[in-house]
**Student:** 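The structure that follows is given in the form of structure tokens.
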Amino acid sequence: SSCDWSREAYTFDEKRSRAVAEIFTRMYDDGLIYRGYRIVNWCPRCESTLADDEVEYKEEPAKLYYMKYGPFVVATTRPETKLGDTGVAVHPDDERYKSWVGKTVTIDLGIGPQLIKVISDPSVDRNFGTGMVGLTPAHSAVDFKMAEENLLPIRKVIGEDGKMTGLAGKYAGLPVVEAREKFVADLQAKGLIEKIEDIKHSISVCYRCGTVVEPLTSRQWFVDVERPIPGRGKSLKRLAIDAVRKGGIKIVPDRFEKVYFHWMENLRDWCISRQIWFGHRIPVWYCESCYVEEDDTADRAGGAERETKKHQGINVAATRPDKCKDCGRPDLVQDEDTLDTWFSSGTWTFSTLGWPEKTADLKRFHPTQVLETGYDILFFWIARMILMTEYALDQVPFEQVYLHGLVRDEQGRKMSKSLENIIDPLDVSAKYGTDAVRLSLIIGNTAGNDLKLSEEKIGYFRNFTNKLWNISRFIMMTLGEGARAVPAGRPAPKTLADQWILGRLDEVVGSVTADLDKMNFSRAGETLRDFTWSELADWYLEIAKVEKGKEKLLPYLLLQVLKLWHPFMPFVTEEVYRLVFAKDANDMLMVAGWPRAAGKMPAKAKADFAAIQDLVVALRNIRASYKVEPGRKIDALVFAGTKADLFKKHAEIVRGLAKVGELTVAAKGQRPDKAAGAVVGSVQVFVPLGSLVDFAAEKTRLEDELQEAEKYLTSLELKLKNESFVARAPAAVVEAERQKKVAQVEKINKIIEQLEALK
RNA sequence: GGGCGUGUGGCUCAGUUGGUUAGAGCGCUGUCCUCACACGACAGAAGUCAGUGGUUCGAAUCCACUCACGCCCACCA
């Protein structure tokens, strides 16, 4: 896929703003958006509400105060909120308090009498504290809920500024922390604090600024996630759950589906109004003539009907109305609040395609196929997009969600400004190239797992980029001065090496394509890298220096490799394509077709080539262990048995790649004097090195090799002697083990032969 | 309190439905500035797959438990 810049969109441009206002209006008309006075998460620093998932939790040591409370004792971590208590809850079966339930007591915490009703609720833990919970409906979601059920008054003692309100008596105007200290000191002076315990407590903080969040009652706009949508019979919540459960959306890796369901099932009404200026303004206008501010304290919850639909002077519309729907007067004032950014972003997949117009784009491109994002944004954005899209279009927003992990530093820490461990993509792009940065983010990481990134890693991929560049240069050189390659069909293989590299290419095309389909991006990249570097460059290009006549095949291989790499490293591949293949400026790799595997390599070709590789490696090994200078040629004698013809035929390759002067191949023969030797399968290799040969070392090496080989043989024999294995394992597996045994026996015999000759 | 993830050579990570003597890159060791590339070539060393028990002819892979680290969720007052 590529970006279509003609469809560039911005959240706050006219079309997107229109879509946001439109969906708000529709949801309001369907009774899914309402204005209500209830508990919200309030950040005193941002002076705004927060959605439930915008609140983060931190475990911190805290104090649990046991305070005298009229005839009772209650335990609390927030003594100052007790000034807002209007009730107290106990477990229904708690014998200690049973007789009190239903009664109202009057207590005085120092600011005058407070009426406290005793209620019972099964959620109260009898063993925590005194088994009795003071209820502060205005500052605790749980308490608020119980207050609803038991019709307790709401007494708001903490204001939006984070300071105590007028209802807090002499503590009014104090910030909560100061109020707490003073209040506790006052209680202690009066002997009303029974004891103080140290406990661990999780406090809620604002995800944006880290300030402690105050739950408080406030009049805000909410999305009702439980209410059945008119005409559809399902709630938003249900719709969003079914989208994933019924397979319309697949999340990769799938374990996140479980996380998604859990979150959705527990979703409560979503507070969408914010008191910040950056956002879409809420499309609601209040009539200056007939709208009367609701009375907060008299208000009970109760939902959409009571609070908005019936409320006079509230006008909801996608564009500013001329006059009030109730009184017809034109004096309208728009709500000053903005919408939660995720409410707006939730419309993204369809607002970018022109919704609410019935555009051709919408018809053609929606639902989209893949959304790719970090798992930390699953609730914020993905869940909201699903919710909003299901509502607006009765479609899923996308068919697949690919979740990547978070990028961390070398030590696994989150990147952050304060730790100064941020790797700026622009810096490292300039330093190592953009393709190298891309590769370092793709390779070495799997879906949903965090990624440790370091400059060192990026540097490695810079090296690979350079390797690909040099491979291209080499291939260009073989084409001759200034020559350009014409993309053509697949050339027929002329040699075994050709057959092998084309066969390997097919295998690589197959596995890379399959991995991309399965979103195994890292594995696809690794497969490609290993093929490009080890097989194409280290083997085939070296062979091409020996075997000539590859003017067609080399460009073909390069083009296929460029196509396969293009999604991973678009810049370098495109540039090489431009230099080597492009007919004109409009001929671009990024729109080229994806390679397809042409066939399957014959097993014989594969085995033959592997035998040649083994021989070359064995010869190089001897060179290395005797420290023969790279420039110096060695002579070699090979007793190859049935492979003699194969080696004779490809002697040039062996000589070229292993720097052999005279290569003698025979089925078998007599071991030469003063030669270093090696055994590769059933093949014996000798390199006469005259006085250089160290017989003691040769002997030790062969003995070690023999020991190793016998150990393996024993394990094979043991396996084959096991009757259950032979009887129960698939025939093919058993046969494979038998073959291994035969080969191993042969190898051992050759090693013994060589050892004998040394004596 | 609930849920999830990770634990594989010094480091970073792959290992599809259980079946090659467990792979790769970095790093390391040795030789080389060989005419595409020293951001390179060649050769090599290095792992009882966290632990225990189980299932199986066969376990890094499946099951149970344990340990370590990390993350997410939750109205523990």
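Convention: sequence-line order gives letters A, B, ...; per-chain numbering from 1.
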**Student:** According to the Watson-Crick and G-U wobble definitions, with both distances under 3.5 Å, which nucleotide is paired to B:rG58?
**Tutor:** none
**Student:** From B:rC37, B:rG15, B:rU21, pick the nucleotide closest to the side chain of A:Thr446?
**Tutor:** B:rG15
**Student:** For B:rC76 and A:Lys200 - does any side-chain N or O of the residue sit under 4.0 Å from the phosphate oxygens OP1/OP2?
**Tutor:** no
**Student:** If you count the non-hydrogen atoms of other residues, nucleotides and ligands that lie under 6.0 Å from CZ in A:Phe571, is the total more than 12?
**Tutor:** no
**Student:** If pairing requires Watson-Crick or G-U wobble contacts with both distances under 3.5 Å, which nucleotide is the partner of B:rG7?
**Tutor:** B:rC67
**Student:** B:rC71 C1' sits how many Å from A:His404 NE2, rounded?
**Tutor:** 15 Å
**Student:** For the side chain of A:Asn470, counting heavy atoms from C-beta on, which of B:rA36, B:rC73, B:rA77 is nearest?
**Tutor:** B:rA36
**Student:** Contact class for A:Val124 (heavy atom, under 4.0 Å): base, sugar-phosphate, or nothing?
**Tutor:** base
**Student:** Over how many whole Å does the gap from A:Glu455 atom CD to B:rC26 atom C1' extend?
**Tutor:** 15 Å
**Student:** Name the pairing partner of B:rA74, where a pair is Watson-Crick or G-U wobble with both distances under 3.5 Å, or state none.
**Tutor:** none
**Student:** Applying a 4.0 Å non-hydrogen cut-off, can you work out what A:Asp143 is touching in the nucleic acid: base, sugar-phosphate, or nothing?
**Tutor:** nothing
**Student:** What N/O pairs connect the protein and nucleotides 3-7 of chain B at under 3.5 Å? Give each pair on its own line.
**Tutor:**
residue: B:rC4; atom: OP1; partner: A:Lys258; partner atom: NZ; Å: 2.7

**Student:** Are any of the side-chain nitrogens in A:Glu455 or A:Lys457 under 4.0 Å away from the carboxylate oxygens of its partner?
**Tutor:** no
**Student:** What is the nucleic acid contact for A:Ser140, judged by heavy atoms within less than 4.0 Å: base, sugar-phosphate only, or nothing?
**Tutor:** nothing
**Student:** Taking B:rC65 as the reference, what is the distance to B:rC4 when you measure between their P atoms (whole Å, please)?
**Tutor:** 12 Å
**Student:** Return the residues of residues 437-445 of chain A meeting this criterion: a heavy atom under 4.0 Å from some atom of RNA chain B. Order them by number, or give none.
**Tutor:** A:Gly444
**Student:** Can you tell me the Watson-Crick or wobble partner of B:rU20, both distances under 3.5 angstrom?
**Tutor:** none
**Student:** When you measure from the side chain of A:Asn621, which nucleotide among B:rC76, B:rA36, B:rG44 comes out closest?
**Tutor:** B:rG44
**Student:** Tell me what A:Tyr712 touches on the nucleic acid: a base, only sugar-phosphate, or nothing, going by heavy atoms under 4.0 Å.
**Tutor:** base
**Student:** Assign A:Tyr57 to base, sugar-phosphate, or nothing according to its heavy-atom contacts below 4.0 angstrom with the strands shown.
**Tutor:** sugar-phosphate
**Student:** Mind checking A:Glu542 for me? I need base, sugar-phosphate or nothing, with any heavy atom below 4.0 Å counting as a touch.
**Tutor:** base
